[in-house]
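Written below as structure tokens is the structure these notes are about.
Being a predicted model, the structure only gives us computed values, none of them experimental.
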Protein chains: 2
Amino acid sequence: MEAEGLIAHDVLAVVLRITSPVPSVLLWQRAREPQSGRWALPGGRLGAGEDVEASVRRHLAEKVDLAEVAHVEQLSVFSDPDRGPQPRRVATAFLGLVPSDADPAIPGDTAWRPVDALPPIAFDHGEITRAGLDRLRAKLSYTNIGFALAPDVFSISELRRLYAAALGHHVSATNLQRVLTRRGVLVPTGTTAAPGPTGGRPAALFRFSEHTLRVTDPFAALRPPSGAGAV
Amino acid sequence: MEAEGLIAHDVLAVVLRITSPVPSVLLWQRAREPQSGRWALPGGRLGAGEDVEASVRRHLAEKVDLAEVAHVEQLSVFSDPDRGPQPRRVATAFLGLVPSDADPAIPGDTAWRPVDALPPIAFDHGEITRAGLDRLRAKLSYTNIGFALAPDVFSISELRRLYAAALGHHVSATNLQRVLTRRGVLVPTGTTAAPGPTGGRPAALFRFSEHTLRVTDPFAALRPPSGAGAV
DNA sequence: GAGGTTTTCGCCTTCTGGTCGAAAACGTTC
DNA sequence: GAACGTTTTCGACCAGAAGGCGAAAACCTC
């Protein structure tokens, strides 16, 4: 088969959701060889008549309610000839994001696993998970990708906790609010949340202005002067 | 064949080189059907025992001296079922960069074509070329990727011309020098170039401190405080 | 030496991000 | 209802990064 140059093409998804201290990734436990008992990313064979994005959405729908997946983007191709058993398989990996307040129904073989305590992982899916987490962290700082992690409306403290968990380090609420509002990605709703049981000033509620990915400012330098004459 | 779910996998390369007013892309003219006479990106079939990056380098070596290609990175997968004639093919696209002073030998069917006046393009290779150019432009502002466009040593004016051509808009020499040196990607050589035939102060020469890709500052905001506890 | 050309450098302004502490708005307790 | 603790919000201040401009430097030719 491979002698003809034809190769099986898979799609895989690193689906992340921000949970209490660290993000969690959606994994399912393999029941059959190879790698029986190990945990794998959702995915499957690229079918005829669909492109890779349509394919990953189709396979994802078997493990999680697609309506809860707020963002999907292509990560990278994994094609090491030894990345799995023969016959050879090439995989296109995707990153998927689920808001922290969503709790979609998942099958019995599937679970959210915190990324700092992963179970035994099948094939190279650990490396792929790492790539997904890296991509999320990079994009948090220069895009509005937070819209895919947060509930529809939220307080700045909630958003701060989400960012801190995703990034793995402390985030200042003051700065987060100022930066995101200045960039226009955060808009106040005018409403406030009820204070917690221990009191405290009621938090103002915000929402993301857009729910599609937008690059806010990767161009610290070398910005077009005014009217950019695109080539 | 596709009934078995096995698909031909190609690799393609958008090889860019900054030329006088606008960048040029390496294309070759097809001599056989399908799309005979049209211009296509270098590439070919993914072989057994090689990953996609090794494969694209192998195919690229047929069209250009690989030693002149200063940088190669994966772009994206193109998998629309109708992107070419049957049987179906999936392609992993790469971006390759050649310094402006290099002039590698190329075969007779191959040529550098300015991106603002492309000949008739085969298949979806026009879209892929566009993706490569977009990637280069984005990375120019927050990485040191300029090392792959410029000669070993160069003046600030030369570099300014390269950046302006790649970005498609005016770039200030003052800012370019200050930003790149502050980020540590540009270091002075201490030498100066000979003035032009019409005179002028001799230009100080610089070089890139590193010749491998490094992200300089995508994290305008949300930087880790000090010791980042990585998860 | 005068005039033209190209590059370099310093100054100024603006904007962004980081830090800190005070003030606001709640609930609880005495 | 006044004092206290808690949480959030807001303003002030500071450092650094970047854009713009013009003067100065260093060369050429005539």
* To do: Examine C:dG18: is either OP1 or OP2 under 4.0 Å from a nitrogen or oxygen in the side chain of A:Asn175? Give yes or no.
  => yes

* **Protein-nucleotide distance (A:Leu205, atom CG; D:dT9, atom C1'), rounded to Å** => 13 Å

* Asked: Is A:Ser155 touching bases, backbone alone, or none of the nucleic acid, heavy atoms closer than 4.0 Å?
  -> nothing

* **Donor-acceptor under 3.5 Å (A:His125 side chain, A:Leu41 main chain)** => yes

* **C:dG18 OP1/OP2 closer than 4.0 Å to side-chain N/O of A:Ser172** => no

* May I ask you to evaluate whether A:Arg182 reaches the phosphate of C:dT16, defined as a side-chain N or O under 4.0 Å from OP1 or OP2? => yes

* **Side chain A:Asp51, main chain A:Ala54, donor-acceptor under 3.5 Å** => yes

* Return yes if the base of C:dG18 and the side-chain atoms of A:Arg178 contain a donor-acceptor N/O pair under 3.5 Å, otherwise no. => yes

* Main-chain N/O of A:Leu75 paired to A:Arg135 side chain as donor or acceptor, under 3.5 Å -> yes

* Checking all strands, does B:Ala204 fall into the base, sugar-phosphate, or nothing category for heavy-atom contacts under 4.0 angstrom? -> sugar-phosphate

* Under 4.0 Å between a side-chain N/O of B:Arg160 and OP1 or OP2 of C:dT8, yes or no? -> no

* Using heavy atoms to find the nearest nucleotide of DNA chain D for B:Pro202 and A:Ala203 separately, return the residue whose nucleotide is more 5′. => A:Ala203

* To do: Starting at the 5' end of nucleotides 1-6 of chain D, put B wherever the base has a protein heavy atom under 4.0 Å, S where only the sugar-phosphate does, and a dash everywhere else.
  => -----B

* To do: Mind calculating the distance between CG (B:Leu180) and C1' (D:dA18) to the nearest angstrom?
  => 12 Å

